[in-house]
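The figures that follow rest on heavy atoms only: side chains count, while hydrogens, waters and symmetry mates do not.
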Number of protein chains: 2
Amino acid sequence: MTQDISHNIQDYLKRIYEITRSGQKASTSQLAQVLGISAASVTNMLQKLSKSSPPYVIYHKHHGVELTELGKASALKILRRHRLIEQYLVEKLGYAWDEVHEEAEILEHALSPLLENRIDAALGSPRFDPHGDPIPDANLNMPNMQQTPLTHLAVGESGSVIRVPHEDPQVLRYLEKSGLRPGVQVKLLSRTPYDQTIHLQITGKNEEIIIGPNLGSQITIKVDD
Amino acid sequence: MTQDISHNIQDYLKRIYEITRSGQKASTSQLAQVLGISAASVTNMLQKLSKSSPPYVIYHKHHGVELTELGKASALKILRRHRLIEQYLVEKLGYAWDEVHEEAEILEHALSPLLENRIDAALGSPRFDPHGDPIPDANLNMPNMQQTPLTHLAVGESGSVIRVPHEDPQVLRYLEKSGLRPGVQVKLLSRTPYDQTIHLQITGKNEEIIIGPNLGSQITIKVDD
DNA sequence: GCTAATATTTAGCCAAACCTAAATTATACG
DNA sequence: CGTATAATTTAGGTTTGGCTAAATATTAGC
Ligand SMILES: [Mn+2]
Ligand SMILES: [Mn+2]
Ligand SMILES: [Mn+2]
Ligand SMILES: [Mn+2]
């Protein structure tokens with residue numbers, strides 16, 4: 001079905017998937033930024049991906065790209081491997097949750113279908129990775145959670161953490177220290193008026209956790225009824 | 001110490017190490033054959049590896065290459081990862097011994113030092129891989145077994161298998177079926193005069209095992225006193 | 001020791017992905 | 001609505017590691 005695809009292209013497709021998740025197209029500059037390369041290089045690759053047969057993306061000149069079905073399936077395949085690897089490293093090899101993303105970013109391109117299956121089986125087909133991100137199943141179906149950014153919580157409201165951002169080890173170590181991991185229940189104590197920094201408390205704990213607006217919008221929760 | 005080295009170069013160095021183990025230099029055509037590329041491409045790479053600073057190989061124009069100390073250390077590092085991975089896949093993920101080489105050939109290039117350590121620790125610092133090949137330790141010291149090709153056994157003599165060739169799944173399945181794995185004791189029953197095919201028996205078993213000279217020279221044993 | 005066969009190297013090319021600088025298009029706002 | 005700024009694309013290069021064909025060196029057999 002999918003013929004062989006280079007490591008680079010796998011990363012492009014994964015990034016495009018992440019950006020286009022929320023509806024909008026992925027722009028040249030967004031991709032250049034997350035991939036850490038020049039905009040000209042991105043344009044080049046997007047044109048190539050849109051002209052291949054079959055194409056992986058639909059290219060809207062000057063207006064970004066979206067994935068074709070093939071592109072989406074390819075992206076989900078890599079995302080599945082990425083998240084399974086993260087879970088495996090934490091569960092089976094004693095990694096901390098801030099150490100796994102970088103490893104997975106490399107290993108995801110080196111996994112055979114057989115190894116993917118063995119890892120999945122060894123973990124009992126896990127549905128979430130260490131940061132709370134859903135793992136697409138073997139048919140690439142993605143559990144579609146409805147989730148709200150932590151910053152949308154009203155003062156006094158509470159909810160339980162679904163996922164935290166996975167890329168920045170420093171952030172992850174801060175969250176670890178605060179106890180803010182997927183599953184815990186938090187209550188919004190207050191919000192500063194100008195810069196929208198929020199103060200939280202984990203149910204059953206006393207410390208106050210301070211989260212800036214950038215980080216807060218990346219953490220998602222399920223609001224309590 | 002070693003600056004970053006491409007996947008391709010890692011494979012070149014590993015192959016040069018394997019060929020030069022037994023003293024001779026590695027020739028252009030030998031490398032072309034095992035790497036599955038043209039001789040001209042090999043020449044190109046060997047010149048590059050000999051001209052880099054510091055150099056990885058010593059290039060004897062028209063007479064093959066040998067590894068520098070740096071080249072040897074780089075090769076051993078990859079060999080360590082390759083063999084640790086093979087052992088891990090068999091031990092921890094239920095792979096058969098004929099399924100691991102191809103996986104390891106890819107994964108060896110994707111392992112970080114941390115993951116190498118974790119795998120080593122999870123296995124209790126194993127000294128041999130599933131095919132009986134020694135695994136260099138963390139300081140890249142290689143257990144130097146003295147071993148004899150199976151074909152050197154005299155009729156009536158016996159010895160215990162040390163290692164079997166690891167690359168060809170078909171061969172491995174044949175050996176598996178015959179019970180010829182590292183550790184078992186074998187006795188040479190007879191040798192055909194012209195083509196040097198040998199007939200063996202495993203101690204405690206009845207079946208006769210037939211091994212051709214190509215395969216026989218790749219299996220090594222420790223001859224019983 | 002010469003010569004034919006074999007092995008190796010050189011020369012010239014190609015594809016994948018990157019780059020910078022210049023040109024073009026889109027957008028935002030006065 | 002026109003123009004300045006920002007985003008994107010085009011043009012022209014580079015590096016890495018392949019390739020084939022042609023030239024040259026080595027080796028083996030007579
Ligand atoms: Mn990740
Ligand atoms: Mn990646
Ligand atoms: Mn192997
Ligand atoms: Mn390899």
A.B. asks: Ignoring backbone atoms, establish whether N44(A) has a side-chain N or O less than 4.0 Å from OP1 or OP2 of dA17(C).
C.D. replies: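 Answer is no, no contact under 4.0 Å.
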A.B. asks: Please state how far atom NE2 in H7(A) lies from atom C1' in dA17(C), giving the value in whole angstrom units.
C.D. replies: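 It is 14 Å, rounded to the nearest whole Å.
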A.B. asks: Taking the cut-offs as 6.0 angstrom to the six-membered ring centre and 45 degrees off its axis, would you call R83(B) and F128(B) a cation-pi pair?
C.D. replies: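 Because its charged atom misses either the 6.0 Å distance or the 45° angle limit, R83(B) does not stack over F128(B).
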A.B. asks: Please report the interatomic distance CG(N141(B)) to CD1(I135(B)), rounded to the nearest 0.5 Å.
C.D. replies: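 That separation rounds to 14.0 Å.
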A.B. asks: Could K14(A) and E105(A) be called an ion pair, given the rule that one side-chain N must be under 4.0 Å from one carboxylate O?
C.D. replies: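 Salt bridge present between K14(A) and E105(A).
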A.B. asks: Quick one: on DNA chain C, does H60(B) or V42(A) contact a more 5' nucleotide (nearest heavy atom)?
C.D. replies: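 Result: H60(B).
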A.B. asks: Round to the nearest Å and state the distance from Y12(B) atom OH to dT16(D) atom C1'.
C.D. replies: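 Whole-Å distance recorded here is 11 Å.
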A.B. asks: Whole-Å distance between dG18(D) P and L46(B) CG?
C.D. replies: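 Going from L46(B) (CG) to dG18(D) (P), I get 11 Å.
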A.B. asks: Side-chain N or O of T43(A) versus OP1/OP2 of dT9(D): is the shortest distance under 4.0 Å?
C.D. replies: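 Yes.
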A.B. asks: Less than 4.0 angstrom from a charged side-chain N to a carboxylate O is my criterion; do E116(B) and R81(B) meet it?
C.D. replies: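 Salt bridge between E116(B) and R81(B), a charged N being under 4.0 Å from a carboxylate O: yes.
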A.B. asks: According to a strict under-4.0 Å criterion, is Y59(A) in side-chain N/O contact with OP1 or OP2 of dT9(D)?
C.D. replies: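 Affirmative; the distance criterion is met.
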A.B. asks: State whether K61(A) places a side-chain N or O below 4.0 Å from either non-bridging phosphate oxygen (OP1 or OP2) of dA7(D).
C.D. replies: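 No, because none of the side-chain N or O atoms of K61(A) sits under 4.0 Å from OP1 or OP2 of dA7(D).
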A.B. asks: Measure from NE2 on H109(A) to P on dA16(C) and round the result to the nearest Å.
C.D. replies: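 The distance from NE2 of H109(A) to P of dA16(C) comes to 18 Å, rounded to the nearest Å.
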A.B. asks: Rounded to whole angstroms, how far apart are NZ on K51(A) and P on dA16(C)?
C.D. replies: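 Computing the K51(A):NZ to dA16(C):P distance gives 13 Å.
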A.B. asks: Side chain of H62(B) only, please: which of dT26(D), dT10(D), dA26(C) is the nearest?
C.D. replies: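 Nearest to the side-chain atoms of H62(B), counting from C-beta on, is dT26(D).
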A.B. asks: Would you mind reading off the distance between L49(A) atom CG and dC18(C) atom C1', rounded to a whole angstrom?
C.D. replies: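 For the pair L49(A) CG and dC18(C) C1', the rounded distance is 15 Å.
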A.B. asks: Calculate the interatomic distance between M45(A) atom CE and dA15(C) atom P; express it in whole Å.
C.D. replies: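 Between P of dA15(C) and CE of M45(A): 15 Å.
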A.B. asks: For this output row, return yes or no: ring centroids of H101(B) and H82(B) closer than 6.0 angstrom.
C.D. replies: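 Distance test on ring centres: under 6.0 Å, yes.
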A.B. asks: Any side-chain N or O of S41(A) under 4.0 Å from OP1/OP2 of dC19(C)?
C.D. replies: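 Looking at the OP1 and OP2 atoms of dC19(C), one of them is under 4.0 Å from a side-chain N or O of S41(A).
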A.B. asks: Among residues 16-38 of chain B, which ones have heavy-atom contacts with DNA chain D below 4.0 Å?
C.D. replies: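 Heavy-atom cutoff 4.0 Å gives I37(B), S38(B).
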A.B. asks: Does this structure show an ion pair linking E18(B) with R15(B), if we count only N-O contacts that are shorter than 4.0 Å?
C.D. replies: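 The answer is yes: the pair qualifies as a salt bridge.
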A.B. asks: Answer yes or no: does a side-chain N or O of Q47(B) lie under 4.0 Å from OP1 or OP2 of dT10(C)?
C.D. replies: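 Looking at the OP1 and OP2 atoms of dT10(C), one of them is under 4.0 Å from a side-chain N or O of Q47(B).
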A.B. asks: Whole Å only: how far is the NE2 atom of H63(B) from the P atom of dA25(D)?
C.D. replies: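 Distance, rounded to whole Å: 11 Å.
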A.B. asks: Can D120(A) and R80(A) be counted as an ion pair, charged N to O under 4.0 angstrom?
C.D. replies: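 Looking at R80(A) together with D120(A), the answer is yes, because their closest N to O distance falls below 4.0 Å.
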A.B. asks: Out of dA17(C), dT20(D), dT9(D), which nucleotide sits closest to the side chain of I9(A)?
C.D. replies: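 Among dA17(C), dT20(D), dT9(D), the one nearest the side chain of I9(A) is dA17(C).
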